[in-house]
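Not measured: the values here are computed from a predicted model.
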Amino acid sequence: MDMNEAARSDWWESLPAGIRDEIDGYVLKGSLLMAVKIITDIGRVPHGIGVGTAQLIANDRCRHYGDRVAREPESPLDLESLVCRAAGCAGRIVAIEAIWDGDTVHDWFVRLLAITADPAEEVPMATVYWSAAQRYVSEQGDPDPRHPVAVAAERAGRAFAEHLSVPFHFAAPDTPDDEAPRWRP
């Protein structure tokens with residue numbers, strides 16, 4: 001069931017204060033998936049609230065609190081920070097890979113991974129979300145028509161890989177695709 005903003009507000013106000021406090025607690029600490037889960041759990045049967053409407057309600061609460069909502073820190077994309085993070089890898093880095101991922105809170109994002117050997121692992125180096133990507137791309141000053149997340153991940157990942165003298169792999173730099181082929185040695 002789709003609810004307009006006024007209907008969502010009325011539904012919100014009809015909730016017991018304890019439930020509103022619980023949901024707002026999750027919203028304020030940036031745990032939007034938990035807030036969406038609770039909204040869906042309590043709203044599904046009596047009101048027909050599905051995940052889409054629950055996301056809108058959680059977003060309404062985020063807008064209500066604005067800057068008071070705790071945000072997950074953004075991963076640094078500068079070469080110096082990536083190199084510092086790579087120094088902590090247990091294995092020898094053999095490639096840097098960019099892969100698409102997504103969720104209901106962040107939409108599409110790209111994860112930069114260091115692929116290691118001895119031991120063979122995928123070590124997270126950075127997660128490139130929309131806000132960080134826009135800032136990174138604007139700092140570069142070179143317009144690119146592709147998705148800003150892809151542009152930022154490709155630029156940072158390629159520079160990182162070149163610095164380490166290893167291959168860089170991004171199977172789907174033009175379109176979000178979380179099923180694109182992965183890097184193989």
Side-chain angles (χ1 to χ4, degrees), residues 2-5 8 27 30-33 35-36 50-87 89 93-116 121-185:
D2 285 338
M3 297 173 99
N4 64 30
E5 190 170 352
R8 293 192 309 265
V27 167
S31 296
L32 297 182
L33 289 177
V36 167
V51 173
T53 300
Q55 289 174 326
L56 292 172
I57 293 167
N59 187 56
D60 293 343
R61 301 310 300 158
C62 284
R63 284 196 339 263
H64 171 78
Y65 286 110
D67 290 341
R68 291 179 48 200
V69 176
R71 303 287 183 204
E72 192 173 307
E74 294 178 344
S75 298
L77 297 177
D78 63 284
L79 182 58
E80 184 179 16
S81 295
L82 292 170
V83 169
C84 182
R85 186 161 280 155
C89 290
I93 298 175
V94 296
I96 300 299
E97 183 173 32
I99 61 170
W100 285 101
D101 202 348
D103 62 33
T104 57
V105 174
H106 300 102
D107 196 22
W108 287 107
F109 55 91
V110 173
R111 294 187 299 133
L112 285 177
L113 305 171
I115 309 299
T116 66
E121 295 180 319
E122 296 178 353
V123 183
M125 294 286 111
T127 302
V128 185
Y129 295 112
W130 182 269
S131 57
Q134 286 184 306
R135 197 168 37 263
Y136 181 83
V137 170
S138 69
E139 288 171 2
Q140 301 290 312
D142 183 19
D144 190 312
R146 296 176 299 152
H147 196 298
V149 170
V151 173
E154 185 174 44
R155 289 179 183 171
R158 189 170 305 286
F160 185 31
E162 287 174 4
H163 177 83
L164 298 174
S165 298
V166 298
F168 173 69
H169 181 259
F170 192 1
D174 297 324
T175 305
D177 182 357
D178 58 358
E179 295 181 11
R182 298 291 308 274
W183 184 80
R184 298 286 176 242

*Asks:* Taking side chain as C-beta onward, heavy atoms only, is Ile115 less than 4.5 Å from Trp183?
*Replies:* yes
*Asks:* Out of curiosity, Thr53 OG1 to Asn4 CG, how far, rounded to the nearest 0.5 Å?
*Replies:* 10.5 Å
*Asks:* State, to 0.1 Å, how close Gly157 and Ile96 come at their nearest heavy-atom pair, and which atoms those are.
*Replies:* O-CG2, 4.1 Å
*Asks:* Which atom pair, heavy atoms only, marks the closest approach of Ala126 to Leu77?
*Replies:* CB-CD2, 4.0 Å
*Asks:* Indicate every side-chain donor-acceptor pair of residues 161-178 with a distance under 3.5 Å to a residue at least two apart or in another chain.
*Replies:*
{"residue": "His169", "atom": "ND1", "partner": "Glu97", "partner atom": "OE2", "Å": "3.1"}
{"residue": "Asp177", "atom": "OD1", "partner": "Glu179", "partner atom": "N", "Å": "2.9"}
{"residue": "Asp177", "atom": "OD1", "partner": "Ala180", "partner atom": "N", "Å": "3.3"}

*Asks:* Indicate the atoms forming the closest heavy-atom contact of Leu112 with Ala153, along with that distance.
*Replies:* CD2-O, 3.8 Å
*Asks:* I want to check something: taking the side chain as every heavy atom from C-beta on, are Val27 and Leu32 in contact at a cut-off of under 4.5 Å?
*Replies:* yes
*Asks:* First locate atom CG of Leu33, then atom CD of Gln55, and finally report the distance between them rounded to the nearest 0.5 Å.
*Replies:* 8.5 Å
*Asks:* Could you check whether the rings of Trp100 and His147 sit parallel, tilted or perpendicular, using 30° and 60° as the cut-offs?
*Replies:* perpendicular
*Asks:* Might you point out which heavy atoms bring Ala152 and Val137 nearest each other, and give the distance in Å?
*Replies:* N-CG2, 4.0 Å
*Asks:* Could you list the residues that satisfy side chain to side chain contact (heavy atoms under 4.5 Å, CB included) with Arg184, not counting sequence neighbours?
*Replies:* Arg182
*Asks:* Kindly write out the residues that satisfy side chain to side chain contact (heavy atoms under 4.5 Å, CB included) with Cys89, not counting sequence neighbours, or none if the list is empty.
*Replies:* Ile93, Ala114, Thr116, Val123, Met125
*Asks:* Is any side-chain N of the basic residue among Glu154 and Arg146 closer than 4.0 Å to the acidic one's carboxylate O?
*Replies:* yes
*Asks:* Which heavy-atom pair separates Gly102 from Phe109 by the least distance, and what is that distance?
*Replies:* CA-CE2, 3.5 Å
*Asks:* What heavy-atom pair brings Phe160 and Val83 nearest, and what distance separates the two atoms?
*Replies:* CE1-N, 3.8 Å
*Asks:* For the CG atom of Asp60 and the CD atom of Glu5, what is their distance to the nearest 0.5 Å?
*Replies:* 5.0 Å
